[in-house]
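Quick note: numbers below take in every heavy atom, side chains included, and nothing from hydrogens, waters or symmetry partners. Predicted model, so just to flag it, every value in this text is computed and none were measured. When a ligand or atom number is given, it counts from 1 through the structure's own listing order.
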Amino acid sequence: MDQYVIKGGSPLFGEVTIGGAKNSALGILAATTLTEETVTVNNVPNIKDIDYLLLALEEIGAKVDRKDSHTVRINAKGISPLSLDNEYLRKIRGSYYLIGALLGRFKKAQVVLPGGCNIGNRPIDQHIKGFEKLGAKVEIKHGMVMAEAVELRGNHIFLDVVSVGATINIMLAAVLAKGQTIIENVAKEPHVVDVANFLNSMGANIKGAGTDVIRIHGVDKLHGSTYSVIPDQIEAGTFMIAAAATHGDVVIDNVIPKHLEAISAKLVEMGVGVEEKDDAVHVFCRERTGNTHIKTMPYPGFPTDLQPQMTMLLALSMGTSVITESIFEARFKYVDELVRMGASIKVDGNTAVVDGVESLTGATVFASDLRAGAALVIAGLTAEGVTVVENIEYVERGYEGFEEKLTQLGGIIKKMDSEDEKALRKFKMKVS
Ligand code: UD1
């Protein structure tokens with residue numbers, strides 16, 4: 001198993017370029033199965049979760065041509081909707097988008113229940129409610145979601161909870177349904193808008209993405225398209241927090257500053273310098289940050305996917321901060337690891353109370369999920385001495401070239417085999 005070994009204490013300086021949004025790309029690549037024509041997707045992040053989805057698409061008969069590390073051409077003419085279960089689909093969350101897409105195209109889908117980060121109970125009842133409202137019969141049997149319809153008909157669907165996954169999945173099923181579908185109380189995340197824009201580029205008729213209500217007029221057929229995925233809001237936010245936590249000065253390029261408003265506002269409140277440019281943000285921090293309170297909310301609120309990284313920054317800030325996690329109840333698993341590094345954080349249910357300390361000290365810590373792993377890496381970059389972050393598979397699944405990008409910015413971080421004690425000793429000697 002690989003691990004990151006980090007020597008803390010070097011502020012991050014320079015420029016970093018943000019890649020395409022993971023969660024957009026997963027929706028968009030699944031959506032390519034809605035047409036028999038060829039689709040080219042640009043700015044696809046080169047990460048494991050995308051590899052898994054592309055391998056899964058190939059296994060069901062799609063022609064997948066990776067033109068370069070960020071461009072994929074897909075033709076899904078020959079795919080079969082039957083019994084999609086393989087190790088790749090079981091690993092990732094985004095595989096659930098194949099249920100909506102295949103149901104839309106074939107009126108039938110059998111897909112294994114999705115995997116993904118273990119951050120709490122992750123039901124898909126709202127996805128199922130949407131498919132049923134469109135006329136499908138849906139059952140969960142032997143770990144598979146089985147959905148089937150004679151025909152899909154537009155309907156009025158009200159989501160009981162704001163769900164990114166359900167919003168996108170119902171859109172995927174509804175674009176080829178007969179008549180009009182209205183989905184209310186939908187998620188407004190940038191990647192919901194991106195998937196809707198992509199579907200519209202294929203000939204769909206979706207209006208209102210980015211607002212509370214999405215209206216879809218079903219069309220008979222979708223056609224091929226060339227499309228570019230938006231920049232990853234969460235990767236950008238992670239580097240913004242890393243710049244602040246290490247007291248660095250970083251220009252984060254290829255971002256849409258509007259998508260980063262919730263994080264920018266909080267950083268500014270804490271005393272961090274944030275300058276917005278057209279497609280970049282400049283983040284700089286010269287002194288210890290102040291406290292703040294955070295409550296994770298659906299977009300445009302503070303994203304749950306930046307909660308661990310922000311809690312890590314607050315662990316080093318002055319005063320007491322309160323973090324309320326209102327999306328995923330089990331998202332504080334990493335807190336024990338930060339405490340091992342000297343943080344003072346108490347968790348009670350969905351709330352964490354952080355008493356800021358002046359510094360953290362290096363320790364061996366375990367990354368329980370993708371964003372928790374990113375938070376621990378940032379903690380390591382700030383800490384005195386050497387930090388070992390174990391179980392980095394999740395981190396590599398969601399961040400392209402994380403280690404390389406941090407190294408370019410002056411961070412001291414190396415990926416190593418956890419069995420290779422000699423390499424670890426050598427690293428420690430070199431940096432001490
Ligand atoms: C997606 C993102 C994930 C992000 C999350 C919230 C992908 C692949 N993953 O996950 O990175 O953390 O959005 O921004 O895009 N819920 C239900 N029933 C449902 C669906 C969801 O009760 O049918 C609840 C969930 O338990 C959670 C909340 O709704 O409390 C939001 O979940 P959702 O937005 O669906 O998250 P995911 O799509 O799983």
Subject >> Any V162 heavy atom less than 4.0 Å from ligand 1 >> reply: yes
Original post:
Between the side chains of E261 and Y299, is a donor N or O closer than 3.5 angstrom to an acceptor N or O?
Top reply: no
**OP:** Specify the closest pair of heavy atoms between L34 and M202, including all atoms of both residues, with the distance to one decimal.
**Re:** CB-CE, 4.5 Å
Subject >> Residue selection (non-hydrogen contact nearest atom 22 (O) of ligand 1) among A25, P123, P114, S326 >> reply: P123
Subject >> Proximity to ligand 1 by part of Q126, non-hydrogen separation under 4.0 Å >> reply: both
Original post:
Does the distance from a Lys or Arg side-chain N to an Asp or Glu carboxylate O, for K48 and E393, drop under 4.0 Å?
Top reply: no
Original post:
Can a non-hydrogen atom of M297 be found less than 4.0 Å from any atom of ligand 1?
Top reply: no
**OP:** Begin from the C-alpha positions of D194 and S24 and carry the test side chain to side chain donor-acceptor pair (under 3.5 Å) through to its verdict.
**Re:** CA-CA 6 Å; D194 206 27; S24 272; 3.1 Å; yes
Original post:
Are H282 and F284 close enough that their ring centers fall under 6.0 Å?
Top reply: yes
Original post:
Would you find more than 12 non-hydrogen atoms of other residues, nucleotides or ligands less than 6.0 Å from K414 atom NZ?
Top reply: no
**OP:** Give the contacting part of D125 toward ligand 1: side chain, backbone, both or neither, where contact means a heavy-atom distance below 4.0 Å.
**Re:** both
Subject >> Region of K129 engaging ligand 1 - heavy atom pairs below 4.0 Å >> reply: neither
Original post:
Do H70 and N43 have a side chain donor and acceptor closer than 3.5 Å?
Top reply: no
Original post:
Is R66 salt-bridged to D68, going by a charged N under 4.0 Å from an acidic O?
Top reply: no
**OP:** Using a strict cut-off of 4.0 Å, indicate which atoms of ligand 1 neighbour a heavy atom of G165.
**Re:** 35 (O), 38 (O)
Original post:
Is there any N or O on D305 that sits under 3.5 Å from an N or O of ligand 1?
Top reply: yes
Original post:
With backbone taken as N, CA, C and O and side chain as the heavy atoms from C-beta onward, which portion of I128 lies under 4.0 Å from ligand 1: side chain, backbone, both, or neither?
Top reply: neither
Original post:
Which is closest to atom 27 (C) of ligand 1 in terms of heavy atoms, I327, T296, N23, N169?
Top reply: I327
**OP:** Record the part of Y299 in heavy-atom contact with ligand 1 below 4.0 Å; permitted values are side chain, backbone, both and neither.
**Re:** neither
Original post:
Short list, please: which atoms of ligand 1 are under 4.0 Å from a heavy atom of V164?
Top reply: 13 (O), 14 (O), 33 (P), 34 (O), 35 (O)
Original post:
Short list, please: which atoms of ligand 1 are under 4.0 Å from a heavy atom of Y96?
Top reply: 10 (O), 37 (P), 38 (O), 39 (O)
**OP:** Using distance alone, decide if ligand 1 has a nitrogen or oxygen within less than 3.5 Å of any nitrogen or oxygen in T304.
**Re:** no
**OP:** Please state whether the rings of Y96 and H127 are parallel, tilted or perpendicular, taking 30° and 60° as the class boundaries.
**Re:** tilted
Original post:
Looking only at N/O atoms, are K22 and ligand 1 under 3.5 Å apart anywhere?
Top reply: no
